[in-house]
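One structure is given here, and the rest of the page talks about it.
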Amino acid sequence: AREKELNILCWEGYNSAQVLDPFREKEGATVKAESLTNDPTMINRLRSGESKVWDLINVNNPWARKIMYPEKLIKPLPKDEFMPYFDKMLEQFHPPYKWAMSDDGSELLGMTQRFGPYSYVVNTDKISRKTAEETGWDLFNDESLAGKYGILESDDWNVFNIFLVAGLDPFKEHSPEEMKAFEDTALKVFKGAKLIGDIATMNQALISGEIDLHMTGGTYSVSPARADGFPEMRAITPLKGPMNGKGGVSWIEVTSTVNNPELSPLAPEFLKYVQDPEVAHTVAFAEGTFNPVAQMGNKACFDLFTKDELDAIQWDSLEEEMARSVEYDIVPDYEKALDLMNNAKRQRS
Amino acid sequence: MGAGQSETARAGGGRPGEGADRPALPVLQLVGVSKRFDDFTAVDDISLDIREGEFLTIVGPSGSGKTTLLRMLAGLEQPSEGNITLRGTLINDLPARRRPTCLVFQSLALFPHMTVGRNIEFPLKAKGVSAAERKARALELLRMVRLPEAYYGKNVMTCSGGERQRVALARAFAYDPDVLFFDEPLSALDYKLKKLLEKELKDLHKETGKTFVYITHSLEEAMVMSDRIGVMRAGKLVQVGSPDAIYGQPQNRFVAEFVGEVNVIGVTLSNGAWLSQETAEPVRLVLPQTMAGAERAAVVIRPEYMKFLAAPGDADNVVSGRVYNEYSLGSRIQYQVRAGERVFLIEMSRSQIRPGTGDGEVLIGWNAEDAIVVEA
Amino acid sequence: MGAGQSETARAGGGRPGEGADRPALPVLQLVGVSKRFDDFTAVDDISLDIREGEFLTIVGPSGSGKTTLLRMLAGLEQPSEGNITLRGTLINDLPARRRPTCLVFQSLALFPHMTVGRNIEFPLKAKGVSAAERKARALELLRMVRLPEAYYGKNVMTCSGGERQRVALARAFAYDPDVLFFDEPLSALDYKLKKLLEKELKDLHKETGKTFVYITHSLEEAMVMSDRIGVMRAGKLVQVGSPDAIYGQPQNRFVAEFVGEVNVIGVTLSNGAWLSQETAEPVRLVLPQTMAGAERAAVVIRPEYMKFLAAPGDADNVVSGRVYNEYSLGSRIQYQVRAGERVFLIEMSRSQIRPGTGDGEVLIGWNAEDAIVVEA
Amino acid sequence: MDRSRPRRSHLMIWIWTIFVAVAIYLPVACGALAGLSKGRYFLFPIRAYSFEWWQKTLDSLEIQRIVQTSILIALIVTVVSLVLGFFGALAFARFDWRGRRLYQKLLLLPIFFPQPVLGLALLLWFNTLGIQPSWHTAIVAHLVWIVPVVTLVIAIQVYGFDPAMEEAAADLGAGRWMILRDVTLPILWPGIWSGALFAFLLSWGNFPLSLYTAGADSTIPKWLYSKMVAGYTPMVPALGTMSTLAAATLLLAGGAIAGFVKARRAR
Amino acid sequence: MSDATLGTSSTVREKQGKERQGRSALRHLSLPAGARCASPILLFMALGFLAPLLTVIGFAFAEPRSFAVFESFTLRNFAEIFNPADTVWMSFAWSLALALLTVAALLLICYPIAYGLVRVFGRWSSLVSIAFVFPLFISENVRLYGWTLFFINHGVLDGLLAGIGLSGPNVLFTPEITLFGMIYTYLPFMLFPMTLGLSMVPGDLIEAARDFGAGRLMIWREIELPLAMPGILIGALLTFVLAAGAVAEAKILGGQSVIMISHDIENAFTYSQNWPRGAALAVLLMIVIGGLSMAVMARLDLDRILGRR
Ligand SMILES: Nc1ncnc2c1ncn2[C@@H]1O[C@H](COP(=O)(O)OP(=O)(O)OP(=O)(O)O)[C@@H](O)[C@H]1O
Ligand SMILES: Nc1ncnc2c1ncn2[C@@H]1O[C@H](COP(=O)(O)OP(=O)(O)OP(=O)(O)O)[C@@H](O)[C@H]1O
Ligand SMILES: NCCCCNCCCN
Ligand SMILES: [Mg+2]
Ligand SMILES: [Mg+2]
């Protein structure tokens, strides 16, 4: 009954006309895509019963393997059909790629595509790249920058970043003293922020000179500004930090088929469709945010990127920045930390 | 009373339930009907036969329940008690639109969003009459109520008070019911127009043979138009009868005072003679009849039966006084004559000549047969 | 005309601008006042002096501009042309609230969200009178308009039509202005109450010496209460004068017909004699005066001056006919006598005895001096 | 009447109204400028103008479908809430009945309910009932919130309604349907018209309810929101400007037609 | 109260009330007209509102961070909210304070316009009111973002002022601009009910009052205001409720310089995955807003104010 319809729950980009319209025309199908801006909400949509609605879900790396598959919210992909695609991806994604596989390594849970480092963004005309990389998260401990930075509204990610500003590794369990340090840092950082807002607001504020830098951000958020002719805006990955010496966090998107009792046959078709070099390039430069894609490992795909596009996604330093980052993971103290952070946020006023 | 007698006597001096001598079924019959609003009784135990084809007028002080009575008859209000029957069928619960009756509201209730024409056509539309026919009929009705045909397309809210009243009237006639109720339909009209429409209504009544029930505050209207008049007071029907009966044989002082101006003298029986209690020393009065058993009564003399006397012997009862006021009432002149503490009203046709003695002392009086004795 | 003459004559038979013989300044003066709504002229070039302390009544057909005239005087509407002066000061632009005048609206304009008491107190509150004083005055006014004191706290929207009218009246008196305007204030009242309030108004007028300008459709009201009556027609003031003058010397046929019932006969001058044109063959009429230069005129005879004749020589003009209708008007009886195509009205006091001959042929007639000749 | 003072205060009222109206349109104008600027990010004066974003918006199948869905939802919501709200308003303000006081209070409750939560609650409820969220369920969600609002708006008008009008009509032989069509509805028309406008606009602009209850179907506010928070392009203000222009055209054309019909009927 | 009891109890009461239904032309079916008119709406609300409402209440009493609705019962969600360490009360305070200020400001801003629409603009009035309607066709997010573009550095205002050597004021990302945004967004919701209310004040009453010497202030206070009150009140309630649930203004214009209560509720359902807490916050918000509104409604009885003419 669902031959001609496909519903996708995803981060933005996949829901753009450039990506979907050709697929719609090709399949003569009704494709609906809804984009949300945080992983937990998407997961909860499935939990609250919408697994009957969606066919594909696109979230950041840890969720498929650690949460959705154990909770039976998604189902595995046929390996024989999909494993070969990983061969053509950038080296780091070569099979068996950890975040695409189930814990025991037996099942393929999803396909990877976009990825990137994600720490903070500065206007290098105001703060040099060198200073920014060397100072690291202490930038946000610098009282002289109070009132000159913004915070991207991305609360799960902000939790990691507050830990990092406090000099703590977010992906560990924390002692009460450490949590106190987190709380104090959260209070200070939020108090000092000029604004909290979405990506468009952050970029607009950077470009207008309302702020000089903002916390939580990376190629993902700043690339549209760079593409728009503001190369001085730059995503920064600190040289060092409290996570075994690393200071940056990176993300990788994994798209999985939902455990929908009436899964659309178009779901695997779509997953294949976006592996196509042309389409992968479109996904990378879909309206909104511009990101590197795993498919750039394929020369046919890579050659489609112009110099300006490569500049926009900071291709020049991508490899080293990824190397300076740890991969996004579930934070053990997330709930407690989030409550503390929300309290801190309210005390801004 | 000459030629007109047959005219006004047609309906006879009726009293509720008294219509047994007439063969026809009453078109509407009320038996013990009351209407209460919360704990206030607006209409109180009224029984009344409304006869097929009659012109019945209800008068009564403001707030006496006239409008409420009409609303019950029209089906817009349900009696709290009692029964209303239409030609023998109980209709307490029959909705207004199923009754062959129509009410011209005191507030007119014109539809503000419709033109004059569409207002008038409304009941025709409800009946499914074709547009062309409706319009023809509406124009005819406009002529009938003396409004120019051009008013057909006029916004009804830009009409003057009197114009609106005429539109309401035309609309009711368009409905063409068996029984028409009117709640003071002519009160906002000028004298001349009122006369014209009175005549029109009267003619329509005669022509159509429909039953009219009419509320008015104008005594003249009531007298000229009605077959019978009902007088209400505080929710009760005090007297029902022909205009002559109401005027000439009021049942009590309230009715007498209500239907025209009167001179009323309180009297007591003393040694078989009626004595006025309202003059300095008791005066013996000559009265038409004695009231069986009553010790106290009221004597009512209409001003037109009071006369200026040339000599004390010119009337059965004589009072002397002084004219202190004189009003023209149009065709009549009214004199106020002060006799001691009391003021007597005397009314004369403008064409009569007052046989008085200038501004000095005058003699006034009346004959025994011209006075009415009523309950005190 | 006896004792009352001084009373009714007090104000004299005035005509606009004719008040020069009176020393007092007119309280309100209109000079060439017109009011147009879009291209419709509701009030058309009216000049009128309203005298300090007089009781002036405006009558006229519905839509003739009475309400509009009053609204201009009250300051609620501005004249399109002409000037209004108050004791010599031009007040065309003075807002209603600054004028020492007050209007009782035809629509009453009671404040629906206030109790009866608060409605009455409103003008006092506007003047800054203290609450206690306001209440005392309101209760006094309630008594004056014959409403129970308990109505002080009553929701005004639950009052009957007549009750509301009395509240509106009480509220106007509370304002206590120099000039009071009334737009049909008694039209919804019953006969008895109307008489009472007429008297009350008249007494208040006398006591307070205030100027009253009054619109009514009741001829009787106008006749009884007014010092002067102004008759309007299609926006124009046709005649202004004392009630007697208006009734007895109407300036034209319209006025004659408007202020009471009339017999009108069209006549033409032929060889120095007036000939009636409305009988089968021309009949020569005996008239009080000739009209200089006019070829055509109308003869007006009020019904009360028409008489049943015992013999043809009993009146100057004689007609023979047949009584075909007789109405009781309360204190009077009206006869309709058909003579050929024409119907004559004859009115007699109920106490008079008709010297007729049953239902057969009767002779009716009138004397030359009882007829009025007016413009045709 | 005191000529000078009302004139002066009327002038003040005109000035104030125009001032506020200009303020109302300021951000709309800014949005229009942003939609016409070549760059994604806004700097004034605009460096380069371009119709690129308009073109993209018009070309997008996605947006076509979303606009259709939004219009459909809003129209259905308008019609249904007018029907429910009209009778609801009669029960609210016109008739005296025993349960009225309680009813008046109950009816207000949904309005006092935060919409995001209402949306979530409805989503939970639909799931319990085994109904898949889609634009159909969004209609129900919109109605839960909009029907009471429309009822209130119409009720204001109903309070001014003279029951004698209906009585007179009934007395003149009109059936219930005719009374409704020829008397009650036309007299209450201004209130119904405002109710319709409210219903349409509240549905058209609703975000929180649609977010949770429209399932995979998107509406304009949902789309705009997701684009704003991540993936902003000047297509966002471009679509905004287009919808105002379209609405203006529709309303003006509707008004002109209504005026024309009225003028013809008056003749 | 369950929806079943709601349905039957009101029906029974209505039947008892039948005798008093006199004045309706529609009265002759079994239910009184009022109840008949109300029943579709009541049925719809029972299904569309009461049931979900119960679900939310159920969640409010479920174990924190669980989805065990109706399976567990605990007061812990409320206990946490009332714990002094939890600063969520600040969000309540900000939302209610800004909502009240919004209503107050809108009363002042809209009154002259509504008055103008009813009494001054004459035949222009429909055009003027349509002018206030058009912008509503754009999502409020976009319109609010338009203000950001207006006020931001190098935005429209700044750019224009730069032309004369000045620079724009620094107003974005503050509580004040949040209030401004709320006033802006909810203006039509005050304006239209208020206009409707004012249009119901009969002109002759104002004339009569003027004739009795009442000054403008007195006419306004004694006649115009009380008679227009239903419209004003409904406008005020509507804007209050909408504003108390508002969040976009604080996010887009205010830079989250204050956190609104709806934002906290939203967070509980998203980032926190703590539905029971979100539900408990929602229930509290509803009690606060509903309670306040009911108090106002109770004191100003619509029926009485209007005299039910
Ligand atoms: N719906 C109602 N609720 C309460 N009281 C009412 C209602 N309708 C009428 N009354 C009261 O009932 C009484 C009779 O009212 P009704 O309107 O029948 O009087 P009326 O004789 O027509 O008076 P009027 O001549 O002044 O029109 C009045 O005292 C009035 O206040
Ligand atoms: N605001 C207005 N706009 C247009 N025409 C009007 C307006 N007010 C009055 N008129 C018209 O002016 C004429 C005079 O109206 P006005 O109310 O003064 O009459 P009236 O003599 O008081 O009548 P009635 O005795 O019926 O109350 C009427 O034909 C009426 O239709
Ligand atoms: N609001 C954005 C914060 C999260 C960044 N991750 C983006 C990755 C898209 N899958
Ligand atoms: Mg009445
Ligand atoms: Mg008038």
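Computed from a predicted structure; not experimentally measured. Values reported hereafter were calculated over all heavy atoms of this structure, with side chains retained and with hydrogens, waters and symmetry mates removed. Just so it is clear: chains get the letters A, B, ... in the order the sequence lines come, proteins before strands, and each one is counted from 1.
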Quick one, L61(D) and E25(A) - any side-chain contact, counting heavy atoms below 4.5 Å?
yes

Under 4.5 Å from a heavy atom of chain A, the part of T233(D) involved:
side chain

Between I66(D) and chain A, with a heavy-atom cut-off of 4.5 Å, which part of the residue counts as in contact: side chain, backbone, both or neither?
neither

Just verifying a value: how many Å separate Q18(A) CD and S60(D) OG, rounded to the nearest 0.5 Å?
9.0 Å

Could you tell me which of S35(A), P224(A), G197(A) has the largest number of non-hydrogen atom pairs under 4.5 Å with chain D?
P224(A)

Answer whether the closest heavy-atom distance between the side chains of P133(D) and V53(A) falls below 4.5 Å.
yes

With a 4.5 Å heavy-atom cut-off, do R65(D) and R24(A) have their side chains touching?
yes

Can you confirm whether more than 12 heavy atoms, excluding those of K126(A), are under 6.0 Å from its NZ atom?
yes

Using modelled atom types only, decide if a donor and an acceptor are shared between the side chain of D228(A) and the backbone of R40(D) within a distance under 3.5 Å.
yes

Most heavy-atom pairs under 4.5 Å with chain A, out of K222(D), M228(D), E62(D), belong to E62(D)

OG1 of T41(A) to OH of Y212(D): how many Å apart, nearest 0.5 Å?
7.0 Å

Taking all atoms of both residues into account, what is the closest heavy-atom pair of A200(A) and Y232(D), and its distance?
CB-CB, 3.3 Å

Ignoring hydrogens and geometry, is there a side-chain-to-backbone donor-acceptor pair from Q204(A) to F42(D) under 3.5 Å?
yes

